Amino acid sequence: MFSNVSDTELDALYSACMFTIYPSRYEGWGLPVTESLAKGKVPLVSRISSLPEAGLDFAEYFDLEVETDFREKLEALLTDPNLLARKEKRIIREFRPRPWIEIAQEIIDKSLGVERQNHPFTIYHDATFYSFSRKHRRGQSPHAASAERFRAGTGWAEPDEKGCWITDEGITELVFTQPSVRYPDRLHLYLLAYGGAPASPVEKNTESLCDDDGHLHQLNIQIGKRVHSFHVEAERERWILVLIEVDDIADKEVRLQLDTLPISGRRNSFAVGIKSAYLCEAGDTAARLNFVEGIALGAPDALVNPHAVASEKMSRPVATELALAAPHDGRD
């Protein structure tokens, strides 16, 4: 095993080898496959994830779950010099590695193209339970819809199994495109927030609205010119309700900006995270009752598909709080 190999040593290794083997179980791209082809060598590669895109039809592929397939492909390259020579000649004759500058320019062009098209955010579906988790946690139905489509801005951390943290590294927004509605007066947005661990050491700050023990975080949600503020306990979760008025909806788009206040005067980049969301029309009594009933039973996934969890064992309800952001003063 060689580590930290220099470019000169790497060139020598590629030049001296018969072919390369890349039996990976997953790759985001697989740069060694492209390197092997650039050096005129046949790569023997597992047919998974992005590797067929990297190796195109120049690489030799095998089924990762079939040992005999790998053995047969390996023996063929080892024992048949004519086969190896034909593949090498084709690589040298036809393969053209793409320079980094070309790839970078393609990414830029595609990104600008999306902006020029004013690509709309995905329309939400009424009375649907959305998850911000990268993976659905245990006890959470796989039928829960993904909320990834609604996140905007650079202030979101990478989603994890619990949800998605709000950081102080940029603007953090939620953007919903409203479909045709039966009750166009107001919308109800329910968010399941959770608090990060208390900051340590705790520092007092008269400007902070958090308690002296550092066990409270503040979540601010701005819609238009109004700001709603909520307190979220450290290492606990809490359902909050934000009322969205007609004036908050511009061209059927609802845009919310989220921010957190330092915990007891000490900035914590992971003070509050968002686990789940549920958006419905204020006048849709059935949808609101469905939400309350699902939370009360400890099975919010039933909001997506009431029959999906009917045969599953009911999980133990989690104690949560529900806060209301009143439009007139923005306090909970």
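Values below: every heavy atom of this structure, side chains too, minus hydrogens, waters and symmetry copies. Please read all numbers here as calculations on a predicted model, not as lab measurements.
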From K110 NZ over to I108 CD1, what is the distance, rounded to the nearest 0.5 angstrom?
13.0 Å
Salt-bridge criterion met for R186 and D248 (N-O under 4.0 Å)
no
So, S36 side chain and P32 main chain: donor-acceptor pair closer than 3.5 Å or not?
no
Could you walk me through whether I166 and I274 pass the side-chain contact (heavy atoms from CB on, under 4.5 Å) check?
CA-CA 8 Å; I166 300 168; I274 303 297; 4.2 Å; yes
Heavy-atom side-chain proximity of F129 to N290 below 4.5 angstrom:
no
In this structure, CG of L13 is separated from CZ of F2 (nearest 0.5 Å) by 6.5 Å
Should V33 and L56 be counted in the same cluster of Ile, Leu, Val, Met, Phe, Trp and Tyr side chains packed under 4.5 Å apart?
yes
Hey, is CD on E67 packed in by over 12 heavy atoms from elsewhere, all under 6.0 Å?
no
Is V45 reachable from L78 through a run of hydrophobic residues whose side-chain heavy atoms are each under 4.5 Å from the next?
yes
Taking ILVMFWY side chains as joined if any heavy atoms are under 4.5 angstrom apart, and letting links pass through other members, which residues group with I171?
none
side-chain contact (heavy atoms from CB on, under 4.5 Å) for L44 and F62? Distances and angles first, verdict last.
CA-CA 7 Å; L44 178 57; F62 67 91; 3.9 Å; yes
Please examine the side chains of T34 and W29, heavy atoms only from C-beta on, and report whether any two atoms are closer than 4.5 Å.
yes
When you look at L84 and V42, which way does the side-chain contact (heavy atoms from CB on, under 4.5 Å) test go after all the steps?
CA-CA 8 Å; L84 190 60; V42 179; 4.0 Å; yes
I'd like to check I223 versus I244 (side-chain heavy atoms, cut-off strictly below 4.5 Å). Are they in contact?
yes
Please confirm whether the backbone N or O of L64 pairs with a side-chain atom of S46, one donor and one acceptor, at under 3.5 Å?
no
Using side-chain heavy atoms (C-beta onward) and a distance below 4.5 Å, is Y14 in contact with T20?
yes
Quick one: do L10 and M18 end up in the same hydrophobic cluster if we chain Ile, Leu, Val, Met, Phe, Trp and Tyr together by side-chain heavy atoms under 4.5 Å apart?
no
Y194 ring centre to K275 NZ or CZ under 6.0 Å, with the angle to the axis within 45°?
yes
Quick one, R288 with E281, criterion salt bridge (charged side-chain N to carboxylate O under 4.0 Å, His left out). Give me CA distance, side-chain angles, the key distance, then yes/no.
CA-CA 8 Å; R288 293 169 59 186; E281 296 148 13; over 6 Å; no
Are L219 and I221 close enough, and set up right, to give a side-chain contact (heavy atoms from CB on, under 4.5 Å), and what steps lead you there?
CA-CA 7 Å; L219 171 63; I221 301 179; 4.2 Å; yes
Do you know the tightest heavy-atom contact between P52 and R47?
CG-CG, 4.0 Å
Any chance you could measure R238, atom CZ, to L192, atom CG, to the nearest 0.5 Å?
11.5 Å
Tell me, please, which residues at least two apart from E75 pass side-chain contact (heavy atoms from CB on, under 4.5 Å).
R71
What I'd like to find out is whether the side chain of V227 reaches to under 4.5 Å of the side chain of D259, using heavy atoms alone.
no
Counting C-beta onward and ignoring hydrogens, is there a side-chain heavy-atom pair between P97 and L37 closer than 4.5 Å?
no
Do the side chain of K41 and the main chain of E88 share a donor and acceptor less than 3.5 angstrom apart?
no
Atom CZ of residue position R25 - does it have more than 12 heavy atoms of other residues, nucleotides or ligands inside 6.0 Å?
no
Please report the closest heavy-atom contact between R96 and R93, naming both atoms and the distance.
NH2-O, 3.4 Å
Considering only heavy atoms from C-beta outward, does the side chain of Y190 approach that of I295 to under 4.5 Å?
no
Classify the angle between the aromatic ring planes of F58 and F95 as parallel (below 30°), tilted (30 to 60°) or perpendicular (above 60°).
perpendicular
Let me confirm one number: the CD-CG distance from E35 to D11, rounded to the nearest 0.5 Å.
9.0 Å
To the nearest 0.5 angstrom, please state how far the CD atom of E173 sits from the OG1 atom of T154.
9.5 Å
Test item: E9 side-chain N/O and S6 main-chain N/O as donor-acceptor pair under 3.5 Å
yes
Contact check, side chains of W165 and D160, non-hydrogen atoms, under 4.5 Å:
yes
Measure across A145 and T128 and return the closest heavy-atom pair with its distance rounded to 0.1 Å.
CB-CG2, 3.9 Å
Non-hydrogen atoms of A157 and R151 that approach each other most closely
O-NH1, 3.9 Å
Tell me whether L31 at atom CG has more than 12 heavy atoms from other residues, nucleotides or ligands lying less than 6.0 Å away.
yes
Between the side chain of K73 and the main-chain N/O of Y61, is any donor-acceptor distance below 3.5 Å?
yes
Mind checking what makes side-chain contact (heavy atoms from CB on, under 4.5 Å) contact with E27, not counting sequence neighbours?
Y22, S24, S49, S50, L51
Show, in sequence, the C-alpha distance, side-chain angles and deciding distance for N220 and Q222, and conclude whether the side-chain hydrogen bond (donor to acceptor under 3.5 Å, both in side chains) test is met.
CA-CA 7 Å; N220 299 322; Q222 181 173 349; over 6 Å; no
Exactly one of F291, F230, Y278 should register a ring pair (Phe, Tyr, Trp, His ring centres under 6.0 Å) with W239. Which one does?
F291
Presence of salt bridge, R90 and D57, under 4.0 angstrom
yes
OH-CG distance between Y130 and L279, expressed to the nearest 0.5 angstrom
7.5 Å
Scanning both residues in full, the closest heavy-atom pair of Q218 with S229 reads NE2-OG, 3.7 Å
